[in-house]
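Report on the structure given below.
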Amino acid sequence: GVSFDLWHAQYWNSAYQLMEMMPELKSVPKVLTHHNHYHLDERAWDDFESLAIATNFGFEKLKEKHKAVYKIPMGIDLDEYSYLGDYPPAAPAVGYVGRVVPHKNLFEICRVSKKLGYKVLGTGYIDKPDYWAMVEPFVKDETLKFNGGFGRGHMMPENFQVEFYRQMTCFVMYSSDEKETGTVPLLEAMARGVPVLATAQGMARDLIRDGENGIIFNADNFEEKLKMVMESPELREKLRKNAWNTIKNYSEQAMARDFARLYYRTLFGEQKLVSVIIPTFNRAESLIDTIGSVENSNYQAKEIIICDDGSDDGTEEVVKRLKAGLRTPILYLKTGTKLEYGLAKARNCGAIESLGDILLFLDDRFTLRPDTLDVVVGNSEKKCFNFGAKVVAGEVSSKKNFIENFAWINKKDFIEAGMFCERITQYGGLSEETRLRFGSQNFYFNYIPEAKVDQVVGVSRGKKKD
């Protein structure tokens, strides 16, 4: 059968049903994301090791019930939902994106828009036929043009939605009853540079500064606020520019990294995460041994980051094959360099993409011993660049000067000190430059002989042949 290290539920009721059908899941570490505020008081949620929610409101509520709650804001594809230069559209229109359900209040949006003489453009799907029966007269009198049908299967394709924002003068999120933690279309509209109006629900509470990057309204003043935005080009331009400056920090990549950190925390608790950063160039065979040694380490809170500096020996295929069969997560990165010596750049790329508390820089000609990571974690002081012993042909090397090819440091310290110097593009000099620059910032360098690696391939002193 299939075994799981962790599973992540997106809806609480479905999660409980699944555990009834598969009782073995009850003993597997679990994460539950809440996508609305409506059911937060439903249970104590003790059946889940960790809870996630996108809003400050939900985070504070859940903290009263559970010891492991994480706020992870929603994110979107900021490349796909890019800022529109050709705004406003030729024909004024109020925009709506979402399901047709009572708590999203499409009826009220249409009623007020019709009163003010504005058209409404909507897309999504019809979830509640009885509610649609109230909205449908606005289609018949041409106040509303709605793209989508009954049920999730009758939504318009996603590329339609991306372009749909071009037709909006403003976007309205009229959510109510604490049934949202988003909405995602709110983020999309802000990214596209469409001025937004929203009720104080979901992420709108956290994102929108009223009158600066959006408008907060309620049932009593919606008509006034909508007219104000639709009739003021200057206000709209201010809102959309400020909205982009807000939303540019809410990428789907950032959200994914936050969830990855949550998964590690759920599995390993307060153990420090070690990011093993392995720069490589045309050493596919020895890389197998290096990666295998990390996988077989006693210490489990770890990730592997392969930084490929232009290999053409099948390294990528080797890493993909290993990735499918190992428990330790592997991230494969390419530096994009072809001719120049890019060791510093490769290591820096790995550091930037890492999730760990501790960065262990390990060259692809070494293998870890089973207890090496335990020693690394036990010797990870602040403002210290530690390095260990290299065993060559069964003998510990007599060289005890700092060399960064088997060395570790706290990530925060490494970033703040300026990382490795990428101006060094030839073999030699990187260790000395690192010692001088970090030393001038009051870092110290500590040799830890108990931390050992074995050399499996001899040193190569250049990247490319002439």
Among F164, W132, F107, Y125, the one residue meeting ring-ring contact (aromatic ring centres under 6.0 Å, His included) with F146: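 Per the ring-ring contact (aromatic ring centres under 6.0 Å, His included) rule, the option paired with F146 is W132, out of F164, W132, F107, Y125.
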Atom [atom1] of [X] with >12 non-hydrogen neighbours under 6.0 angstrom:
{"X": "H39", "atom1": "NE2", "answer": "yes"}
{"X": "K71", "atom1": "NZ", "answer": "yes"}
{"X": "K383", "atom1": "NZ", "answer": "yes"}
{"X": "K114", "atom1": "NZ", "answer": "no"}
{"X": "Q10", "atom1": "CD", "answer": "yes"}
{"X": "R152", "atom1": "CZ", "answer": "no"}
{"X": "K65", "atom1": "NZ", "answer": "yes"}
{"X": "E163", "atom1": "CD", "answer": "yes"}

Step-by-step side-chain hydrogen bond (donor to acceptor under 3.5 Å, both in side chains) determination, S176 to N105: CA-CA 8 Å; S176 59; N105 292 293; 3.2 Å; yes
Between the side chains of [Y] and [X], is the shortest nitrogen-to-carboxylate-oxygen separation below 4.0 Å, so that they form an ion pair?
{"X": "R347", "Y": "D363", "answer": "yes"}
{"X": "K61", "Y": "D41", "answer": "yes"}
{"X": "D127", "Y": "R99", "answer": "yes"}
{"X": "K345", "Y": "D309", "answer": "no"}
{"X": "K320", "Y": "E317", "answer": "no"}
{"X": "R205", "Y": "E178", "answer": "yes"}
{"X": "R192", "Y": "E188", "answer": "no"}

Looking only at the side chains, is there a donor atom on one of [X] and [Y] sitting less than 3.5 Å from an acceptor on the other?
{"X": "H8", "Y": "Y263", "result": "yes"}
{"X": "D364", "Y": "T280", "result": "yes"}
{"X": "E303", "Y": "S275", "result": "yes"}
{"X": "S175", "Y": "Q201", "result": "no"}
{"X": "N386", "Y": "N379", "result": "no"}
{"X": "S354", "Y": "K411", "result": "yes"}
{"X": "E295", "Y": "T328", "result": "yes"}
{"X": "S311", "Y": "D308", "result": "yes"}

N410/I358 under side-chain contact (heavy atoms from CB on, under 4.5 Å): CA gap, chis, key distance, verdict: CA-CA 4 Å; N410 289 316; I358 301 169; 3.9 Å; yes
Are [X] and [Y] near enough that their ring centres are under 6.0 Å apart?
{"X": "Y174", "Y": "Y96", "value": "no"}
{"X": "Y81", "Y": "W244", "value": "no"}
{"X": "F48", "Y": "Y16", "value": "yes"}

Give the minimum heavy-atom separation between [X] and [Y], together with the two atoms involved.
{"X": "I278", "Y": "I291", "result": "CD1-CG1, 4.5 Å"}
{"X": "R321", "Y": "I288", "result": "NH2-CD1, 4.0 Å"}
{"X": "C170", "Y": "L226", "result": "SG-CD1, 3.7 Å"}
{"X": "P29", "Y": "D5", "result": "CD-O, 3.4 Å"}

Working for side-chain hydrogen bond (donor to acceptor under 3.5 Å, both in side chains), residues H37 and T55: CA-CA 9 Å; H37 298 146; T55 64; 2.7 Å; yes
Test side-chain hydrogen bond (donor to acceptor under 3.5 Å, both in side chains) applied to T266 and S50, step by step: CA-CA 6 Å; T266 302; S50 302; 2.7 Å; yes
Parallel, tilted or perpendicular: rings of F414 and F385 (30°, 60°): perpendicular
Six-ring centre of F222, R111 cation under 6.0 angstrom, axis tolerance 45°: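 Pair R111/F222 does not count as cation-pi.
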Cation-pi, F217 ring and K225 (6.0 angstrom, 45 degrees):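 Judged by the rule (NZ or CZ under 6.0 Å from the ring centre, within 45° of its axis), K225 is not positioned above F217.
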Interatomic spacing from CG in L362 to CG in L368 - rounded to 0.5 Å: 5.0 Å
